[in-house]
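Let me begin by presenting the structure, written as structure tokens, before commenting on it.
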Amino acid sequence: MKNLFYIFVISFLTSCAAIHNVPTSQNPNNFIQPNTTSSFVDQNGNFYPDNWLKSYGKPPKNASRRDYSLMKIATESNFQNQLTSYEDLRLKKHRKKS
């Protein structure tokens with residue numbers, strides 16, 4: 001019974017919360033010589049563009065995961081094409097480097 005209590009406490013302390021994993025830098029994508037590419041994507045697989053904070057804003061602290069989808073915000077703000085074209089360009093760069 002004592003072990004069950006500890007398992008419950010550990011599970012509670014490590015459970016998921018509405019915390020968003022966002023890049024700490026305004027330029028989350030880079031290429032490191034000789035052959036390493038780094039990119040940051042959201043939970044839906046959308047690439048974070050450079051200077052993302054200016055266009056998309058900070059995620060609300062109490063929001064669910066779906067409330068901060070880059071594609072959802074881009075669609076609501078009428079720049080879905082900009083995000084889609086950036087993602088296509090980023091994927092072409094990845095393909096070119098590999």
Side-chain angles (χ1 to χ4, degrees):
M1 193 66 154
K2 188 175 181 180
N3 289 339
L4 184 62
F5 173 75
Y6 289 121
I7 290 172
F8 175 74
V9 170
I10 289 171
S11 298
F12 178 74
L13 293 175
T14 60
S15 64
C16 296
I19 298 171
H20 301 283
N21 188 18
V22 296
T24 55
S25 167
Q26 281 301 291
N27 299 314
N29 308 299
N30 57 38
F31 180 71
I32 304 164
Q33 294 292 342
N35 59 357
T36 303
T37 302
S38 148
S39 293
F40 200 97
V41 296
D42 72 359
Q43 69 270 10
N44 298 316
N46 299 112
F47 284 84
Y48 273 78
D50 293 337
N51 298 317
W52 62 274
L53 192 57
K54 182 192 275 186
S55 300
Y56 299 96
K58 282 191 170 188
K61 295 212 183 266
N62 60 351
S64 68
R65 289 186 326 158
R66 290 188 179 167
D67 288 341
Y68 199 73
S69 161
L70 288 178
M71 188 57 75
K72 177 182 175 191
I73 293 171
T75 302
E76 290 172 352
S77 302
N78 294 324
F79 49 86
Q80 178 180 0
N81 291 340
Q82 179 184 352
L83 180 61
T84 305
S85 65
Y86 175 78
E87 290 177 351
D88 290 341
L89 178 68
R90 194 73 193 157
L91 288 171
K92 285 178 186 174
K93 285 184 181 180
H94 280 294
R95 208 172 294 125
K96 197 181 219 182
K97 299 281 185 199
S98 44

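What you see below is based on every heavy atom in this structure, not just the backbone, and it leaves out hydrogens, waters and symmetry mates.
Every side-chain contact (heavy atoms from CB on, under 4.5 Å) that L89 has, sequence neighbours left out, goes to K93. With sequence neighbours excluded, no residue satisfies ring-ring contact (aromatic ring centres under 6.0 Å, His included) with Y86.
We find the CH2-CG distance between W52 and L83 to be 13.0 Å, quoted to the nearest 0.5 Å. Distance check: K92 NZ to D88 CG gives 6.0 Å after rounding to the nearest 0.5 Å. If you take CZ on R90 and CG on N46, they are separated by 14.5 Å, rounding to the nearest 0.5 Å.
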Going by atom type alone, with no hydrogens or angles, which donor-acceptor pairs under 3.5 Å involve a side-chain atom of residues 74-81 and a protein atom two or more places apart or on another chain?
from: T75; atom 1: OG1; to: M71; atom 2: O; distance (Å): 2.8
from: S77; atom 1: OG; to: I73; atom 2: O; distance (Å): 3.0

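Between F47 and L70 the shortest heavy-atom distance is O-CD1, 3.9 Å.
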